[in-house]
Amino acid sequence: MAQKPGIPKGTRDFNPEQVAKRNYIFNTIQHQFELYGFQSIETPSFENSETLMGKYGDEGDRLIFKILNSGDYLSKVDNNLYSKKDSNAITSKISEKALRYDLTVPFARYVVQHQNEIEFPFKRYQMQPVWRADRPQKGRFREFYQCDADVVGSTSLWQEVEFVQLYDAVFTALKLEGVTIKINNRKILSGIAEVIGASDKLIDFTVALDKLDKIGEEKVKEEMLEKGISKEGIEKLQPLFTLSGSFNSQIEQLKAILSTSEEGNKGIEELEFIDKAITELGLQTATLQLDVTLARGLNYYTGAIFEVSAPETVKMGSIGGGGRYDDLTGIFGLKDVSGVGISFGLDRIYLVLEELNLFPETVSKNIDLLFINFGETEALFCLKAIKQLRLNSINAELYPDAAKMKKQMNHANKRNIPFVVLVGDEELESESYTLKNMTTGEQFKLSLKELILKFQ
RNA sequence: GUGGUUGUAGCUCAGCUGGUUAGAGCAUUGGUUUGUGGUACCAAGGGUCGCGGGUUCGAAUCCCGUCUUCCACCCCA
């Protein structure tokens with residue numbers, strides 16, 4: 001035997017059962033998206049490099065899969081550049097396309113490109129694979145699916161409120177109870193940075209703050225010092241490290257910290273609005289939690305920031321994220337179109353449902369009837385019946401070969417087919433069908449009409 | 001990108017400090033059983049020990065490289 005074929009690391013094959021389970025998640029999410037008024041679009045799996053590059057920060061650029069130009073791609077690189085062996089400089093010469101890294105940036109590109117055809121506010125959802133040249137680990141792949149819902153063309157905070165409800169609706173429909181929807185606001189982070197005199201170090205400051213629950217207060221302070229944030233500034237942060245209690249009481253504490261920051265106050269107002277509405281409307285199974293350490297997608301989020309964590313019993317990174325971006329389309333030349341959206345990580349949700357055993361038993365569809373093949377005459381007779389069954393929406397098939405009974409029966413068992421039909425000489429003569437229940441072993445002789453009636 | 005970990009039959013794994021022809025269970029195929037399956041028993045097929053190089057009289061076993069797996073960091077869904 002030659003060496004076995006394989007697939008690139010971080011990618012996966014899906015067997016029929018896995019596909020059925022994935023489709024169950026897809027369908028559940030899609031159903032809720034549509035209930036909330038979102039419409040589906042699709043974009044190409046690869047975009048022009050300039051559409052993607054620079055939109056996700058340096059780290060993001062590194063993780064984008066670049067597609068090599070076709071043809072004699074090296075001939076365009078001048079010798080001087082080539083001899084320097086500067087990968088970054090050469091990349092733009094030999095690669096002009098790249099695999100999509102997420103669904104948000106391509107959507108922004110779509111909105112700008114089709115701005116005159118779109119009726120705003122535009123609510124779209126998109127469920128497609130994205131690719132990242134990351135190193136795989138638990139719940140992290142190089143090809144995975146995102147399910148995004150975004151609204152563009154409205155600055156209304158009611159959108160944020162609806163997205164919180166949508167998260168709750170989807171996870172409730174998936175029977176995944178006890179997820180936490182964490183919410184924060186970019187304006188609060190900016191406000192804090194402003195108050196401690198580190199406005200220019202917002203990203204460094206938030207990246208460090210984000211690690212609070214992971215590495216602890218001391219290490220976070222160390223990292224901030226390293227990044228050049230003043231000692232006095234860090235001292236002002238002290239209340240932040242011990243921030244606790246209900247949504248409301250955290251808000252009160254934040255108000256004290258941010259009293260001098262106009263932007264910070266704006267962020268507080270927004271959070272209060274959302275919390276008040278959600279409290280009034282109620283959530284089914286999820287919990288909305290204020291988390292000031294939450295810092296995601298800072299390269300484009302300007303208002304609300306969302307992240308969803310699985311129930312604490314499961315060790316898994318976030319299973320969803322999102323936020324408000326006031327100026328994403330600005331990058332592509334369209335000003336003043338605000339957007340807000342959320343994303344579901346299908347592959348991670350799959351792992352969580354699997355771990356908690358939450359998939360319904362019936363996710364995979366099976367055929368009801370397998371006709372045993374006894375030979376040419378019998379097979380043709382069976383196919384006539386099968387045709388009628390299928391016209392009546394009954395799943396049925398004929399075993400393709402006139403193999404030994406044992407083999408055919410075994411095949412039915414392996415595939416968990418509940419019934420087989422036997423048609424031999426005797427049945428041919430009487431134009432009847434022997435139906436055998438593979439679980440109980442019972443069998444009955446039926447006419448085609450009776451057979452159809454039984455399975456309809 | 002950094003650090004660690006893993007790789008033996010289709011699958012799950014044994015194989016002690018290097019020593020004849022590398023094993024088991026499950027799965028597969030055939031038989032006991034020509035139109036009645038699941039169970040049982042019997043038998044058979046299937047492996048360049050991830051790949052490449054090195055040390056050695058001798059390597060699945062030790063060393064180096066490489067790829068892969070999983071995990072942590074970075075970052076993220």
Side-chain angles (χ1 to χ4, degrees), chain A residues 1-12 15 25 29 56-64 87-88 100-104 127-148 203 206-208 210-211 214-215 219 223 294-299 305-310 315-323 341-352 370 372-375 378 399 402-428 434-443:
Chain A
M1 239 191 296
Q3 62 186 40
K4 272 176 273 179
I7 55 176
K9 69 169 157 187
T11 65
R12 296 145 303 154
N15 65 31
I25 302 174
I29 294 175
Y56 309 99
D58 292 343
E59 191 69 17
D61 282 357
R62 206 194 75 206
L63 297 177
I64 292 173
S87 302
N88 282 334
R100 135 180 99 217
Y101 177 88
D102 73 356
L103 300 177
T104 307
M127 308 200 295
Q128 289 188 282
V130 302
W131 295 268
R132 294 185 187 178
D134 207 352
R135 210 180 266 207
Q137 53 179 281
K138 183 172 186 184
R140 172 178 287 189
F141 308 99
R142 300 215 291 184
E143 176 184 63
F144 62 96
Y145 274 76
Q146 286 190 334
C147 308
D148 277 27
I203 302 281
T206 49
V207 165
D210 187 46
K211 295 178 190 163
K214 233 180 200 172
I215 62 176
K219 295 257 171 141
E223 186 169 331
L294 178 60
R296 289 299 139 105
L298 288 171
N299 286 300
I305 303 171
F306 296 112
E307 181 171 301
V308 181
S309 356
K315 210 169 161 257
M316 177 64 66
S318 62
I319 54 177
I342 60 173
S343 178
F344 292 82
L346 174 106
D347 301 85
R348 287 190 176 176
I349 293 170
Y350 183 104
L351 292 173
V352 171
L370 178 73
I372 302 294
N373 189 331
F374 284 108
E378 292 89 342
Y399 192 89
K404 285 182 182 163
M405 271 293 278
K406 180 172 173 158
K407 194 178 165 78
Q408 299 193 45
M409 296 294 252
N410 255 327
H411 181 73
N413 284 329
K414 294 261 163 66
R415 284 181 55 195
N416 277 317
I417 296 170
F419 293 93
V420 298
V421 177
L422 300 122
V423 176
D425 294 339
E426 210 181 296
E427 288 87 352
L428 270 183
T434 297
L435 176 72
K436 182 181 177 83
N437 180 325
M438 293 301 278
T439 316
T440 63
E442 292 173 304
Q443 51 189 65

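Each chain gets a letter, A, B and so on, in the order its sequence line appears, and its residues count up from 1. Quick note: numbers below take in every heavy atom, side chains included, and nothing from hydrogens, waters or symmetry partners.
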Separation of the [atom1] atoms in [N] and [M], to the nearest angstrom:
N	M	atom1	answer
U55(B)	C64(B)	C1'	11 Å
U20(B)	A59(B)	C1'	14 Å
C70(B)	U32(B)	C1'	46 Å
U56(B)	C74(B)	P	45 Å
U61(B)	C16(B)	C1'	10 Å
G46(B)	C26(B)	C1'	14 Å
U6(B)	U12(B)	C1'	15 Å
G37(B)	U17(B)	P	50 Å

Measure from [atom1] on [X] to [atom2] on [N] and round the result to the nearest Å.
X	N	atom1	atom2	answer
L370(A)	G38(B)	CG	C1'	15 Å
N413(A)	U36(B)	CG	C1'	11 Å
N410(A)	G37(B)	CG	P	9 Å
E442(A)	G37(B)	CD	P	17 Å

Task: D58(A) atom CG, over 12 foreign heavy atoms within 6.0 Å - done: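 No, because the 6.0 Å sphere around CG of D58(A) holds 12 heavy atoms or fewer from other groups.
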Task: Any side-chain donor near an acceptor of the partner, T434(A) and Q443(A), under 3.5 Å - done: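 No, Q443(A) and T434(A) have no side-chain donor paired with an acceptor closer than 3.5 Å.
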Open item on the list: Applying a 4.0 Å non-hydrogen cut-off, can you work out what G57(A) is touching in the nucleic acid: base, sugar-phosphate, or nothing?
Closed with: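 It contacts nothing in the nucleic acid.
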TODO: For G10(A), answer base if it contacts any base atom (sugar-phosphate contacts may also be present), sugar-phosphate if it contacts only those atoms, and nothing otherwise; contact means non-hydrogen atoms under 4.0 Å.
DONE: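 If one applies the 4.0 Å heavy-atom cut-off, G10(A) turns out to touch the sugar-phosphate alone, with no base involved.
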Task: side-chain contact (heavy atoms from CB on, under 4.5 Å) assessment of K219(A) paired with K211(A) - done: CA-CA 9 Å; K219(A) 295 257 171 141; K211(A) 295 178 190 163; over 6 Å; no
Task: Lys/Arg N to Asp/Glu carboxylate O, K436(A) vs E442(A), below 4.0 Å - done: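 Not counted as a salt bridge, because no side-chain N and carboxylate O are separated by less than 4.0 Å.
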Open item on the list: Can you confirm whether K407(A) sits close enough to Y399(A) that some side-chain heavy atom of one is under 4.5 Å from a side-chain heavy atom of the other?
Closed with: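 Result yes, sub-4.5 Å side-chain heavy-atom pair found.
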TODO: Answer yes or no: is there a side-chain heavy-atom contact under 4.5 Å between P129(A) and R100(A)?
DONE: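 The answer is yes; the side chains approach within 4.5 Å.
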What are the two closest non-hydrogen atoms of [X] and [Y], and how far apart are they?
X	Y	result
A402(A)	G375(A)	CB-N, 3.9 Å
R12(A)	E143(A)	NH2-O, 3.1 Å
L294(A)	F306(A)	CD2-C, 4.1 Å

Task: Summary of protein contacts for nucleotides 28-35 of chain B, nucleotide by nucleotide, where a base hit scores B, a sugar-phosphate-only hit scores S (4.0 Å, heavy atoms) - done: SS-SB--B
Open item on the list: Protein within reach of the bases, or only the backbone? For nucleotides 72-77 of chain B, mark each nucleotide 5' to 3' as B, S or -, using heavy atoms under 4.0 Å.
Closed with: BBBBBB
TODO: Can you run through RNA chain B from 5' to 3' and write each base as (, ), [, ], | or . depending on how it pairs? Watson-Crick or G-U wobble, both distances under 3.5 Å.
DONE: ((((..(..((((.....[...)))).(((((.......))))).....(((((..]....))))))..))))....
Open item on the list: Does K9(A) contact U68(B) through a side-chain donor or acceptor facing the base, at a distance under 3.5 Å?
Closed with: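 A donor-acceptor contact between them is absent.
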